[in-house]
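One structure below.
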Amino acid sequence: MLMNFLEEKILLDGAIKQGNILKIDSFLNHQIDIDIIRQIAYELKRRFKGVEVTKVLTIEASGIAIATMLGNLYDVPVVFAKKSETANSTDDKYVSQAYSFTHKKMNSVFVSRPYLQASDRVLIVDDFLADGQAALALMDLVHQAGGKVSGVGIAVEKGQQKGGKMLREMGCKLESIAIVEEMDWEKQTIQFREQPKRKLGKTNLKKK
Ligand code: 5GP
């Protein structure tokens, strides 16, 4: 199987933890490998070619690096939703709820009203997609503002959890650079889902 750069990096530097957690602290969730983040951003931009994007939205904290790099490529503002245990909707902020897969608790997530507008076409990005709770909450915030979701771009989708299927069935344009099909904590093995091959256009070499 031909692997892409992110799948290769996960095999090289990732670790599988008990409870279906993939740990990629050395390049995304603690230390940030700028070259990998840059490649993730370019690949997401390529996959969303032709899609209108006026804003990139993520959730604190680990989505911010990818979102910033992508915002730089599109030259649009980047917004990160904040997490809070207590936030309620008010005149000044949009609030949604998300159950955190990694922390096993309910979080409120919010964005201050001026940072999401009805005219916005929002590309939502995150490091991981598991049950899709974070993505759904971010989509909800965009919709509360009257804006439109252009798509959801993810670095690592855990395909054995329900988020990807749910978002695709909702008709959401979802792109995940690496999709984990199976991972085994005891054996430390991981299998990725085969993805459509990147189409390369026909080009002519210069005649010598
Ligand atoms: P979801 O909301 O889709 O259930 O979970 C996505 C969120 O949980 C992501 O923002 C990510 O931070 C965290 N997450 C879920 N699964 C994993 C995992 O296997 N490894 C890490 N590092 N984070 C995860």
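What you see is a predicted model, and the numbers here were worked out from it, not measured in a lab. Read the numbers this way: they start at 1 and go in the same order the structure lists the ligands and their atoms.
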Requested in this report: Under 4.0 Å from a heavy atom of Gln133: give me the atoms of ligand 1 that qualify, with their elements.
Outcome: 1 (P), 2 (O), 3 (O), 4 (O)
Report summary line: closest protein heavy atom to atom 17 (C) of ligand 1 is Lys158 NZ, 3.5 Å
Report summary line: Heavy atoms of Ile10 and Ile24 approach each other most closely as CG1-CG2, 4.4 Å
**Report entry** ligand 1 N/O within reach of Tyr99 N/O, cut-off under 3.5 Å
**Finding:** no
**Report entry** Heavy-atom side-chain contact between Leu57 and Val142 under 4.5 Å
**Finding:** yes
**Report entry** Between Glu43 and Asn4, a side-chain donor and acceptor under 3.5 Å
**Finding:** no
Query raised in the report: Strictly by modelled atom types, are Thr54 and Asp120 linked by a side-chain donor-acceptor pair under 3.5 Å?
Result: yes
Report task. Decide whether the shortest distance between a heavy atom of Lys23 and an atom of ligand 1 is less than 4.0 Å. Result -> no
Report summary line: min-distance protein heavy atom vs atom 5 (O) of ligand 1 -> Ala130 CB, 3.6 Å
Report summary line: for atom 24 (C) of ligand 1, nearest protein heavy atom and its distance come out as Thr102 CG2, 3.5 Å
Query raised in the report: Should Leu22 be counted as touching ligand 1, given the test is an N or O pair under 3.5 Å?
Result: yes
Query raised in the report: For ligand 1, which atoms sit closer than 4.0 Å to a heavy atom of Asp126?
Result: 9 (C), 10 (O)
Query raised in the report: Please state which protein non-hydrogen atom is closest to atom 4 (O) of ligand 1 and give its distance, to 0.1 Å?
Result: Asp131 N, 2.8 Å
**Report entry** N/O donor-acceptor pair under 3.5 Å between Arg38 side chain and Met69 backbone
**Finding:** no
Query raised in the report: Can you list the ligand 1 atoms lying under 4.0 Å from a non-hydrogen atom of Asn20?
Result: 19 (O)
Query raised in the report: Hey, is OH on Tyr42 packed in by over 12 heavy atoms from elsewhere, all under 6.0 Å?
Result: no
Requested in this report: Identify the heavy atoms of Asn107 and Ser100 that sit nearest to each other, and give their distance.
Outcome: ND2-CB, 3.9 Å
Requested in this report: If you have a sec, work out which protein heavy atom is nearest atom 11 (C) of ligand 1 and how many Å separate them, to one decimal?
Outcome: Asp127 OD1, 3.5 Å
Query raised in the report: Do any nitrogen or oxygen atoms of Phe128 come within less than 3.5 Å of a nitrogen or oxygen of ligand 1?
Result: no
Report task. Report the member of Gly163, Ala61, Gly132, Ala155 with the shortest heavy-atom distance to atom 1 (P) of ligand 1. Result -> Gly132
Query raised in the report: What atoms in ligand 1 come closer than 4.0 Å to a heavy atom of Asn29?
Result: 22 (N)
Query - Closest approach of Asp126 to Gly63 (non-hydrogen atoms, all atoms of both residues) - result: OD1-CA, 3.8 Å
Requested in this report: For Ala134, counting its heavy atoms only, list the atoms of ligand 1 lying under 4.0 Å from any of them.
Outcome: 2 (O)
Query raised in the report: Does a sphere of radius 6.0 Å around CG in Asp75 hold more than 12 heavy atoms from other residues, nucleotides or ligands, not counting ones at 6.0 Å or beyond?
Result: no
Report task. Assess whether side chain to side chain donor-acceptor pair (under 3.5 Å) is satisfied between Asp184 and Thr189, documenting all intermediate values. Result -> CA-CA 5 Å; Asp184 187 316; Thr189 53; 4.7 Å; no
